[in-house]
**Student:** 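The structure under discussion is supplied below as structure tokens; questions concerning it will follow.
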Protein chains: 2
Amino acid sequence: MGVFSRTCEYAMRAVFFIAHRTPEGTRVGIKDISEGIDSPAHFLAKILQDLSRRGIIHSAKGPNGGFYMTEEDLSRPLSDVVEAIDGVQIFKGCALGLKQCSEKNPCPLHHEFKAIRNDLTKLLNGTSIKSFNEDLLNGMTSLKK
Amino acid sequence: MGVFSRTCEYAMRAVFFIAHRTPEGTRVGIKDISEGIDSPAHFLAKILQDLSRRGIIHSAKGPNGGFYMTEEDLSRPLSDVVEAIDGVQIFKGCALGLKQCSEKNPCPLHHEFKAIRNDLTKLLNGTSIKSFNEDLLNGMTSLKK
DNA sequence: ACAATTAAAGAGTTTTATATCTTTAATAAA
DNA sequence: TTTATTAAAGATATAAAACTCTTTAATTGT
Ligand code: FES
Ligand code: FES
């Protein structure tokens, strides 16, 4: 596995996909999303339920229902998605899995690793979903394998 | 989970521990290692068997047997351990799990993520186990929770 | 009211990661 | 040669992650 869990990868791709497809108060269904990002539909449904419960995305049942994101949702940093799914370890945890990453009792990787972890945090925490999405709207980036 | 799998965390801690404890052709047993790094002994045994088969560490059976590392082993980069356990995804894989991370078809995170991934690669690939170990010998870093 | 559409919820199954226990093989020392 | 010591190998066991299927509830439009 890479840096994020597969579940988290699906979640991020889905969020970008929804952001991309619902610029004007429209909604997009689970089928479209799962096809659009190459993920198992039922599994993704669970993930989106979760994000929806947490208020990271929104949904509506019934005809013309589906998932969508409000302006507020779009302004959120991507780290909210990651944290919802994978938790906070990736941002705070020790590279070697020591219970506490600390300056007091640093592991051999601590100093350099901390810098890298901070860069990752800055990237995910400092960039809104909307601004990632702009590249996507401009056709510069992709969600498709 | 953090950046690395738990198995990989144990592996790295164990490698540092062995390096630390066997400076002079001595060996250290699985019991000592697992206690020293806080890991389940039998599980760690499996991991070390694996590393041993791959030639990343060495072992000897019988009385006064145990695990040890040659000069050559100590000169290896830590990335060899990570790659043996977690594979290459962490160094090459797309943040969003796209099949191929590429400039041609970059995901929204690609540019910034690539830089971070490269820093991590540089850290693990560019530093020998021995040099991480020096801090450990100087008592500046830790393997204990 | 009714039928169609959609996500939510619930209840699984399968696969992978993590962990344990037992037996075997190699080595060293007495 | 025997015994003790150690890792290797094999066989399970448990837990978590990933995935699937079915039923329910909400909403819309007729
Ligand atoms: S203590 Fe290990 S990364 Fe900080
Ligand atoms: S394409 Fe996603 S990180 Fe390179």
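Each chain gets a letter, A, B and so on, in the order its sequence line appears, and its residues count up from 1.
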**Student:** OP1 or OP2 of dC19(D) less than 4.0 angstrom from a side-chain nitrogen or oxygen of R6(A), does that happen here?
**Tutor:** yes

**Student:** With a cut-off of less than 4.0 Å, is there a side-chain N or O of Y10(B) near OP1 or OP2 of dT18(C)?
**Tutor:** no

**Student:** Which residue, K46(B) or A60(B), contacts DNA chain D at a nucleotide closer to its 5' end, judged by nearest heavy atom?
**Tutor:** A60(B)

**Student:** Atom CD1 of I47(A) and atom P of dT20(D): how far apart are they, to the nearest Å?
**Tutor:** 11 Å

**Student:** Quick one: is dT18(C) close enough that its OP1 or OP2 comes under 4.0 Å of any side-chain N or O from T7(B)?
**Tutor:** yes

**Student:** How many Å lie between CZ on R54(B) and C1' on dA7(D), as a whole number?
**Tutor:** 18 Å

**Student:** May I ask you to check whether D73(B) and T70(B) show a side-chain donor-acceptor distance below 3.5 Å?
**Tutor:** yes

**Student:** Check whether any side-chain N or O of S59(B) sits under 4.0 Å from OP1 or OP2 of dA8(D), and answer yes or no.
**Tutor:** yes

**Student:** Taking CG from L44(B) and P from dC21(C), how many angstroms apart are they, rounded to a whole number?
**Tutor:** 16 Å

**Student:** To the nearest angstrom, how far is I85(B) atom CD1 from dA19(C) atom P?
**Tutor:** 13 Å

**Student:** According to a strict under-4.0 Å criterion, is S52(B) in side-chain N/O contact with OP1 or OP2 of dA8(D)?
**Tutor:** yes

**Student:** Rounded to the nearest angstrom, tell me the gap between atom CD in Q49(A) and atom P in dG10(C).
**Tutor:** 9 Å

**Student:** Rounding to a whole Å, what distance do you find between I37(A):CD1 and dA18(D):P?
**Tutor:** 14 Å

**Student:** Between R54(B) and D50(B), is there a salt bridge with N-O shorter than 4.0 Å?
**Tutor:** yes

**Student:** Can you tell which of dA19(C), dC19(D), dA18(D) lies closest to the side chain of S5(A)?
**Tutor:** dA18(D)

**Student:** Take F67(A) and M1(A), find for each the nucleotide of DNA chain C with the closest heavy atom, and name the residue whose nucleotide sits nearer the 5' end.
**Tutor:** F67(A)

**Student:** Please classify the nucleic acid contact of A41(B) as base, sugar-phosphate, or nothing, using heavy-atom distances under 4.0 Å.
**Tutor:** nothing

**Student:** For the pair made of CD1 in I30(B) and P in dT20(C), what is the distance, rounded to whole Å?
**Tutor:** 13 Å

**Student:** Under a 3.5 Å threshold, yes or no: a donor from one side chain and an acceptor from the other, between T141(B) and D135(B)?
**Tutor:** no

**Student:** Just the rounded figure in Å: distance from P of dA18(D) to CZ of R13(A).
**Tutor:** 13 Å

**Student:** Given dC19(D), dT6(C), dA8(D), identify the nucleotide with an atom nearest to the side chain of K61(A).
**Tutor:** dT6(C)

**Student:** With nearest nucleotide decided by heavy atoms, which residue, H42(A) or N64(A), maps closer to the 5′ end of DNA chain D?
**Tutor:** H42(A)

**Student:** Answer with base, sugar-phosphate or nothing: what part of the nucleic acid does R53(B) contact at a heavy-atom distance below 4.0 Å?
**Tutor:** sugar-phosphate

**Student:** Any non-hydrogen side-chain atom of M1(A) less than 4.5 Å from a side-chain atom of D86(B)?
**Tutor:** no

**Student:** Relative to each other, are the rings of F132(B) and F16(B) parallel, tilted or perpendicular (30° and 60° limits)?
**Tutor:** perpendicular

